[in-house]
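What follows is one structure encoded as structure tokens, with my remarks underneath.
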Amino acid sequence: MQWTLVIPLKPLARAKSRLSDTADDRVRPGLALAFAQDTVAAALACPAVGDVAVVTDDALAGRELAALGARIVPDEPRGGLNAALSHAAAVVRSKRPESALAALNADLPALRPLELARVLDAAAEFPRAFLADAATIGTTLLAARQDAELRPAFGPDSRARHRASGATELPLTEVDSVRQDVDTGEDLRAALALGVGPRTAAAAARLLIPGQ
């Protein structure tokens, strides 16, 4: 099964505010872009992925991610994360009604293509399925087969919300790179320990994070 990934990215100037303990306002936009670039590059290298659609209104991010091979979908609803994902899913399905869809976080800088393939292969067994984040509170991936709607419920406690919506939680091990999103400085250090992509590595090096 080939998947289309839908990756939401808010305007870079507003991204990653919880990283203020590690990076100031001048640095965070570039760091958020680096996360997204490494995430998209790894996703496009995944053998189970046929297409990546990034939903964003940020002009710089759109140019940089399109240069990597992503398709850019404008955030026309401007109604928040779940509205953006639903809109992008509808755009994808209008052109490819048979497409299996997965919403993936844009802040997975340690993402490994083969680990992502394991998650998507497991998700293909269920109409809707999701993977909890490293903190076991949120969600990093929500998948819907061709015969199901995505019905995203990201936000606070999204693991519980997706489970309550009827999506199957994937109890996979050894897919840490797909679980490790980055919201805080501690998250960033955990991602660095896993091994991040080249753009995040370069951006993090400029932060002079102890131990890196």
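Just so you know, residue 1 is the first one in the sequence shown, and it goes up from there. Every heavy atom of this structure was used, including side-chain atoms; hydrogens, water molecules and symmetry mates were not. Everything numeric in this text was worked out from a predicted model, so none of it was measured.
- The hydrophobic cluster containing Val52 also contains Leu104, counting ILVMFWY residues as joined when their side-chain heavy atoms lie under 4.5 angstrom apart, directly or transitively.
- With sequence neighbours excluded, no residue forms a side chain to side chain donor-acceptor pair (under 3.5 Å) with Arg118.
- No donor-acceptor distance shorter than 3.5 angstrom exists from the side chain of Asp57 to the backbone of Pro74, with no hydrogens or angles considered.
- Closest of all the heavy-atom pairs between Pro156 and Arg161 is O-CD, 3.3 Å.
- Shown here for Ala100 and Arg93, the closest heavy-atom pair between the two residues is CA-NH2, 4.4 Å.
- Remark: the backbone N or O of Ala106 is paired with a side-chain donor or acceptor of Thr39 at under 3.5 angstrom.
- The shortest side-chain heavy-atom distance between Arg71 and Lys95 falls under the 4.5 Å cut-off.
- Within 6.0 Å of the CD atom in Glu169, the count of heavy atoms belonging to other residues, nucleotides or ligands exceeds 12.
- Rounded to the nearest 0.5 Å, atoms CZ (Arg151) and OG (Ser86) are 10.5 Å apart.
- No chain of hydrophobic side-chain contacts below 4.5 Å, direct or via other Ile, Leu, Val, Met, Phe, Trp or Tyr residues, connects Leu114 to Val196.
- Arg206 has its side chain out of reach of Val27: every pair of non-hydrogen atoms, C-beta onward, lies at least 4.5 Å apart.
- In this structure, the side chains of Leu188 and Leu31 come closer than 4.5 Å at one or more pairs of heavy atoms.
- Val40 and Leu142 are members of different hydrophobic clusters when ILVMFWY side chains are connected at heavy-atom separations under 4.5 Å.
- Annotation: side chain of Asp38 is not in contact with side chain of Leu111 (no heavy-atom distance under 4.5 Å).
- The shortest heavy-atom contact between Phe154 and Thr139 is CE2-O, 3.5 Å.
- Contact between Pro77 and Ala83 at its shortest, heavy atoms only, is CG-O, 3.9 Å.
- Taken from CZ in Arg179 to CG in Leu172, the straight-line distance is 6.5 Å, to the nearest 0.5 Å.
- Within the 4.5 Å cutoff, side-chain heavy atoms of Leu65 are placed close to those of Gln37.
- Of the inter-residue distances, the one linking Arg159 atom CZ with Asp133 atom CG reads 8.5 Å to the nearest 0.5 angstrom.
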Chi angles and distances behind the side-chain contact (heavy atoms from CB on, under 4.5 Å) call for Val92, Val73: CA-CA 9 Å; Val92 169; Val73 178; 5.6 Å; no

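- Separation of atoms CZ (Arg96) and CD (Gln146) is listed at 12.5 Å; rounding is to 0.5 Å.
- For the pair Arg128 (side chain) and Ser165 (backbone), a donor-acceptor distance under 3.5 Å is present.
- The number of heavy atoms from other shown groups lying within 6.0 Å of CD (Glu174) does not exceed 12.
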Side chains of residues 2-15: which donor-acceptor partners sit under 3.5 Å, not counting sequence neighbours?
from: Gln2; atom 1: OE1; to: Gly50; atom 2: N; distance (Å): 3.3
from: Gln2; atom 1: NE2; to: Pro47; atom 2: O; distance (Å): 2.9
from: Thr4; atom 1: OG1; to: Ser99; atom 2: OG; distance (Å): 3.0

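- When all heavy atoms of Ala70 and Val54 are compared, the pair lying nearest together is CB-CG2, 3.8 Å.
- Taking NZ from Lys16 and OG1 from Thr184, the interatomic distance works out to 9.5 Å, rounded to the nearest 0.5 Å.
- For Thr200 (side chain) and Pro109 (main-chain N/O), no donor-acceptor pair under 3.5 Å exists by modelled atom type.
- Thr140 pairs with exactly one of Val175, Leu108, Asp107 by the side chain to side chain contact (heavy atoms under 4.5 Å, CB included) rule, that one being Leu108.
- Summarising the geometry of Leu85 relative to Ala103, their closest heavy-atom pair is CD2-CB, 3.9 Å, with the distance given to 0.1 Å.
- Between Glu125 and Thr168 there is no side-chain heavy-atom pair separated by less than 4.5 Å.
- Residues forming a ring pair (Phe, Tyr, Trp, His ring centres under 6.0 Å) with Phe130 (at least two apart in sequence, or on another chain): His162.
- Going from atom CG of Leu101 over to atom CZ of Arg145 covers 13.0 Å, rounded to the nearest 0.5 Å.
- A chain of hydrophobic side-chain contacts below 4.5 Å, direct or via other Ile, Leu, Val, Met, Phe, Trp or Tyr residues, connects Leu192 to Val182.
- Looking at Asp157 and Ile137, their side chains come closer than 4.5 Å, going by heavy atoms from C-beta outward.
- Under the 4.5 Å side-chain contact rule for hydrophobic residues, Leu44 and Val119 share a cluster.
- Counting only heavy atoms from C-beta outward, the side chains of Leu120 and Val49 approach each other to under 4.5 Å.
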